[in-house]
Q: 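The structure that follows is given in the form of structure tokens.
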Amino acid sequence: MSKSLSFATSFPPPGSRWLRLWTLRTDANVALYRITRGRLGGRWKRRNPILLLEHEGRHSGKRRTTPVVYTPVGDELIVVAAPRGSDSNPGWYHNIRDGSDTWVQMGRHRFPVLAREADLAERESLWPRLVQANPDYVHYDRDPHRRIPVMVLRRRNF
């Protein structure tokens, strides 16, 4: 398999037909999730729950919605910023890290969240729980030069 097709090592290059296909798939998943309130499109590999992460593009200012696997830990939702183990951080990571107005939809519930990146110690304590919830993550952390960001989402109180 060529590098441009392997989502486990890199994301499709901008403008490629593979990225367009990936985008169409993502858009379809978001629409299906919203229409069915998460009953369809709400799980990855039948075991991992998916939430819709709504954020604002830091350059474009456009509202974007990304389906993301999450792990609940107490009152927080933990998400890993590596789409299918990609070598680069996803756009949503940069958007929410930079303080974008962020919302989460879980099933039929939609609410605002505060997002922050877990510090190194917190990430190390969360990582085993994340791997237990999603065994695919064990392969994500293989590059000693790349520390995959772990984001913590907490419901925002008004």
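What you are looking at is a predicted structure, and each value in this text was computed from that prediction instead of being measured.
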Q: Going by atom types alone, do Tyr93 and Glu117 pair a side-chain donor with an acceptor below 3.5 Å?
A: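 Note: Tyr93 and Glu117 side chains meet the donor-acceptor criterion.
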Q: Please say yes or no: joined through hydrophobic side-chain contacts below 4.5 Å, possibly via intermediate residues, are Ile96 and Phe111 part of one cluster?
A: yes
Q: Return the minimal non-hydrogen interatomic distance between Pro135 and His139, and the atom names on each side.
A: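 Shortest heavy-atom separation between Pro135 and His139 comes out as O-CD2, 4.4 Å.
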Q: So, for Ala118 and Val152, which heavy atoms are closest and what is the spacing to 0.1 Å?
A: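 Nearest pair, atom of Ala118 first, then Val152: CB-CG2, 4.1 Å.
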Q: Rounded to the nearest 0.5 Å, what separates atom CE in Met151 from atom CG in Asn89?
A: 10.0 Å
Q: Just so I know, are the side chains of Val69 and Val79 near enough to count as touching, which here means a heavy-atom distance under 4.5 Å?
A: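 No, side chains not in contact.
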Q: Where do Leu32 and Thr36 come nearest, in terms of heavy atoms and distance?
A: O-OG1, 2.8 Å
Q: If you compare all heavy atoms of Thr71 against all heavy atoms of Ala133, which two are closest, and at what distance to 0.1 Å?
A: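 Minimum heavy-atom contact is OG1-CB, 3.7 Å.
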Q: Going through the distances and angles, do Leu52 and Val30 end up as a side-chain contact (heavy atoms from CB on, under 4.5 Å)?
A: CA-CA 7 Å; Leu52 296 183; Val30 168; 4.1 Å; yes
Q: Roughly how far, to the nearest 0.5 Å, is CH2 of Trp103 from CZ of Arg156?
A: 7.0 Å
Q: Given side-chain contact (heavy atoms from CB on, under 4.5 Å), test Arg116 with Glu122 step by step and report yes or no.
A: CA-CA 12 Å; Arg116 65 177 177 78; Glu122 184 179 23; 2.7 Å; yes
Q: Minimum heavy-atom separation for Pro67 to Thr26, with atom names?
A: CD-CG2, 3.4 Å
Q: For the atom pair CE (Met106) and CD1 (Ile50), what is the distance rounded to the nearest 0.5 Å?
A: 12.0 Å
Q: With side chains defined as the heavy atoms from C-beta onward, is the minimum distance between Asp101 and Arg63 less than 4.5 Å?
A: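 SC-SC contact between Asp101 and Arg63 confirmed.
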Q: Roughly how far, to the nearest 0.5 Å, is CG of Leu120 from CZ of Arg147?
A: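 Between atom CZ of Arg147 and atom CG of Leu120 there are 6.5 Å.
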Q: Which one of Leu130, Val68, Val131, Asn134 satisfies the side chain to side chain contact (heavy atoms under 4.5 Å, CB included) criterion with Val80?
A: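 The side chain to side chain contact (heavy atoms under 4.5 Å, CB included) with Val80 is passed solely by Leu130 among Leu130, Val68, Val131, Asn134.
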Q: Who pairs with Arg39 by side chain to side chain donor-acceptor pair (under 3.5 Å), at least two apart in sequence or on another chain?
A: none
Q: Count I, L, V, M, F, W, Y as connected when their side-chain heavy atoms are under 4.5 Å apart, and connections chain through other members. Are Val138 and Tyr140 then in the same cluster?
A: yes
Q: In Å, rounded to the nearest 0.5 Å, how long is the span from CG of Leu53 to NE2 of His55?
A: 5.0 Å
Q: State which residue, out of Arg34, Lys62, Arg64, fulfils the salt bridge (charged side-chain N to carboxylate O under 4.0 Å, His left out) condition with Glu54.
A: Arg34
Q: Find the distance between CG (Asn48) and CG (Asp136) and round it off to the nearest 0.5 Å.
A: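 Atom-to-atom, Asn48:CG and Asp136:CG are 7.0 Å apart.
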Q: Restricting to non-hydrogen atoms, name the atom on Ile148 and the atom on Ala81 that form the minimum distance, rounded to 0.1 Å.
A: CG2-O, 3.9 Å
Q: What about Val73 and Tyr137, same hydrophobic cluster or not, with Ile/Leu/Val/Met/Phe/Trp/Tyr joined at side-chain heavy-atom distances under 4.5 Å?
A: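 They do share one cluster, since a chain of ILVMFWY contacts under 4.5 Å joins Val73 to Tyr137.
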Q: Assess Arg129 against Trp127: is NZ or CZ under 6.0 Å from the centre of the six-membered ring, and within 45 degrees of the ring's axis?
A: no
Q: State whether the number of non-hydrogen atoms from other residues, nucleotides or ligands found under 6.0 Å of Asp75 atom CG is greater than 12.
A: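 Check fails, neighbour count at 12 or below.
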Q: Is the shortest side-chain N to carboxylate O distance from Arg154 to Glu76 below 4.0 Å?
A: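 Salt bridge: yes.
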Q: Are more than 12 heavy atoms from other residues, nucleotides or ligands located less than 6.0 Å from atom CZ of Arg37?
A: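 No, CZ of Arg37 has 12 or fewer neighbouring heavy atoms, counting only those of other groups under 6.0 Å.
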